[in-house]
Number of protein chains: 2
Amino acid sequence: MCPVSTYHHGDLPAALLRAAGRTLEKRGIGALSLRETARRAGVSHNAPYRHFSDREALLAALAAEGITMLGEQLRGKPAREMGEAYVRFALEQPQRFRLMFGGVLPVAKYPELGRAARSAHKALEEAFSELPRPELAAAGAWSLVHGLAHLLLEGHFGAQDPETFVRDVLGAVRFAQRAA
Amino acid sequence: MCPVSTYHHGDLPAALLRAAGRTLEKRGIGALSLRETARRAGVSHNAPYRHFSDREALLAALAAEGITMLGEQLRGKPAREMGEAYVRFALEQPQRFRLMFGGVLPVAKYPELGRAARSAHKALEEAFSELPRPELAAAGAWSLVHGLAHLLLEGHFGAQDPETFVRDVLGAVRFAQRAA
DNA sequence: ACCTGAACACCGTTCAAGT
DNA sequence: ACCTGAACACCGTTCAAGT
C-alpha cells in the first residue's frame with residue numbers, strides 16, 4: 001500500500017512518542033535519551049530534531065499527553081471518585097506522573113502543559129461548585145490527592161494496600177462547608 | 001596552621017556537598033554533574049568517588065541533608081504552623097525539595113532517606129495525637145501540604161501571593177474529629 | 001588512604017551534505 | 001521536506017599509577 005521509500009514512517013512524531021513512552025515507564029526519565037528513542041524508532045540519532053526542537057520538547061510532549069489523559073479520566077466523576085482516579089493514575093504510570101508534575105519541565109516554557117492542567121483543574125472545581133469557596137476547596141482537594149499520590153509513590157506510607165489507605169485518608173478529610 | 005600537602009581538603013565530602021548544594025539550587029538537578037562538583041571543589045573529576053560511590057549517592061546525601069533540615073523546622077510546632085513551614089521550605093529551596101521527594105532517587109536504596117522521612121513524619125503525627133485516628137489525619141495533612149507545595153512550585157495556582165493562599169487553603173480543610 | 005590523568009562508552013546538539 | 005554521518009563538547013565510570 002505505502003510506497004517503500006527513504007522515509008521510514010508515515011508519522012515519525014507519533015512513533016517517537018510511542019517509543020519514548022515505553023522507555024519512560026520502563027527505565028525512568030533520566031534514562032530516556034533522544035538517541036535511544038531514535039534507535040528504537042529505526043531512524044538516525046538526528047532525525048527527531050525535525051519534529052522536536054530538543055530532548056526537553058519531547059519530554060514536554062509526553063507530559064502533555066499524560067495531563068490530557070488524566071483530565072479525561074477525572075471529568076464528570078463525583079469528587080470522591082475523582083480523588084481515587086487521580087491516585088490510581090499516578091500509581092499505574094509513576095514515571096509519566098513524575099514527568100507531568102515533578103518539576104522536571106519548566107511549565108512556563110510549554111503553554112500546552114499549562115492549558116492541559118487548567119482543563120483538568122476546571123473539572124475538579126466543578127465537583128466542588130456547591131461549596132461557598134469552590135476554588136479553595138478544589139485547591140485543597142487537588143493538593144491532597146496530589147501529595148498523597150507522590151508520597152505513596154515514594155513509599156512513605158509503608159507497604160499497606162494503597163486502595164483502602166487512599167479511601168481512609170480521603171475519608172478523614174472534610175472541606176469546609178462554610179466560608180473559611 | 002594546616003600543613004600544605006597533596007590533600008586539598010581536611011573534609012572533602014563536606015566541600016563536595018557544599019559545592020553540589022549551590023549548583024543544585026542554581027541550575028537544577030539535571031545540571032548537577034559529578035565532574036563539575038569536583039571542579040568547583042578544586043579536585044580532579046575522579047576524587048569524589050573516594051567518598052560517594054556514584055552520582056546518585058551524592059544526590060542521596062544532599063536529599064538526606066534536606067529531609068533532616070525540614071524535620072528540624074517542623075518539630076514542636078502546632079499543626080497549622082507546621083503546614084506553613086513545610087510549604088515555605090519547599091518554596092525557598094525548590095530544587096532541594098524536588099530532590100528529596102520528586103522520585104529522582106530510589107528511596108529503598110538509601111535507608112538514611114527513609115529514616116529521616118520517618119522522623120519528620122513522627123513530628124507530624126504528634127501534632128494530631130488528640131484526634132481519634134491520628135495516623136490518618138497526619139497522612140492527610142502531610143499529603144495536603146506536600147501536594148500544595150508541589151503544585152505551587154509548578155505554578156498551577158497562578159501568581160497570587162503564596163503566603164495568604166496557603167493560609168486560605170489550609171483553612172478550608174478540616175480533619176475529621178470523629179472516626180472515619 | 002587519597003589523589004591523579006588516560007581511556008571508554010555514552011549523551012545532546014550542530015553542521016554540511018544527500019534525496 | 002526529511003533524513004543522513006561526521007564532529008564537538010560534555011558526561012559517568014573504570015583503571016593503573018603515583019604519594
Side-chain angles (χ1 to χ4, degrees), chain A residues 1-24 26-63 95 99 103-106 109-110, chain B residues 1-24 26-63 95 99 103-106 109-110:
Chain A
M1 234 178 181
C2 307
V4 175
S5 82
T6 169
Y7 298 174
H8 294 195
H9 295 89
D11 195 348
L12 182 53
L16 291 169
L17 283 173
R18 256 200 319 278
R22 273 194 296 267
T23 307
L24 171 66
K26 214 177 322 181
R27 316 211 294 126
I29 297 172
L32 179 54
S33 83
L34 220 40
R35 288 175 97 114
E36 194 198 329
T37 302
R39 240 178 273 130
R40 282 180 180 261
V43 294
S44 86
H45 68 268
N46 222 320
Y49 284 92
R50 290 290 129 195
H51 307 284
F52 300 99
S53 62
D54 53 19
R55 177 180 184 269
E56 198 181 75
L58 175 67
L59 293 179
L62 285 172
Q95 297 294 333
L99 179 59
V104 182
L105 295 165
K109 202 166 141 192
Y110 299 93
Chain B
M1 237 182 179
C2 308
V4 175
S5 82
T6 168
Y7 298 173
H8 295 196
H9 295 88
D11 195 348
L12 182 54
L16 290 169
L17 283 173
R18 255 199 319 278
R22 272 194 296 266
T23 308
L24 171 66
K26 214 177 323 179
R27 316 211 295 125
I29 297 172
L32 178 54
S33 83
L34 220 39
R35 289 177 98 114
E36 194 199 329
T37 301
R39 241 177 274 130
R40 283 179 180 262
V43 294
S44 87
H45 68 267
N46 222 320
Y49 285 92
R50 290 292 129 195
H51 307 283
F52 300 99
S53 62
D54 52 18
R55 176 179 184 270
E56 197 180 76
L58 175 66
L59 293 179
L62 285 171
Q95 298 294 332
L99 179 59
V104 182
L105 295 164
K109 202 166 142 190
Y110 299 94

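All values reported here derive from a predicted model rather than from experimental measurement. Naming convention: chains lettered A, B, ... in sequence-line order (proteins, then strands); numbering from 1 in each chain.
- Taken residue by residue, residues 47-57 of chain B places heavy atoms nearer than 4.0 Å to DNA chain C at B/Ala47, B/Arg50, B/His51.
- The two residues A/Ala31 and A/Thr23 have their closest heavy-atom pair at O-CG2, 4.4 Å.
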Table of protein N/O atoms under 3.5 Å from nucleotides 6-10 of chain C N/O atoms:
from  : atom 1 : to      : atom 2 : distance (Å)
C/dA6 : N6     : B/His45 : NE2    : 3.0

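- When rounded to the nearest whole Å, the span between CD1 of B/Ile29 and P of D/dC11 equals 17 Å.
- The CG atom of B/Leu24 lies 11.0 Å from the CG atom of B/Leu17; values are rounded to the nearest 0.5 Å.
- In this structure, B/Asp11 places its CG atom 11 Å from P of C/dC3, rounding to the nearest Å.
- Of the listed residues (B/Leu34, B/Thr37, B/Leu62), just one forms a side chain to side chain contact (heavy atoms under 4.5 Å, CB included) with B/Leu16, and that residue is B/Thr37.
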Practice item. Report the secondary structure of DNA chain C in dot-bracket form, marking unpaired bases with a dot and bases paired to a different strand with |, and treating Watson-Crick or G-U pairs with both distances under 3.5 Å as paired. Key: ||.|||||...|||||.||

Using distance only, find each side-chain donor-acceptor pair of residues 51-60 of chain A under 3.5 Å and give its atom names and separation, not counting sequence neighbours.
from    : atom 1 : to       : atom 2 : distance (Å)
A/Asp54 : OD1    : A/Glu56  : N      : 3.4
A/Asp54 : OD1    : A/Ala57  : N      : 3.0
A/Arg55 : NE     : A/Leu32  : O      : 3.0
A/Arg55 : NH2    : A/Ile29  : O      : 3.0
A/Arg55 : NH2    : A/Leu32  : O      : 2.9
A/Glu56 : OE1    : A/Lys109 : NZ     : 2.7
A/Glu56 : OE1    : A/Tyr110 : OH     : 2.7

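- Residue B/Ala38 comes nearest to B/Ser44 through the heavy atom pair CB-O, 3.3 Å, listed as atom of the first residue, atom of the second, then distance.
- For residues 35-44 of chain A, every residue pair satisfying the salt bridge (Lys or Arg N to Asp or Glu O under 4.0 Å) rule, not counting sequence neighbours, is listed here: A/Arg27-A/Glu36, A/Glu36-A/Arg40.
- Scanning both residues, B/Ala63 and B/Leu105, for their nearest heavy atoms gives CB-CD1, 3.7 Å.
- The shortest heavy-atom contact between A/Leu12 and A/Ala47 is CD2-CB, 4.2 Å.
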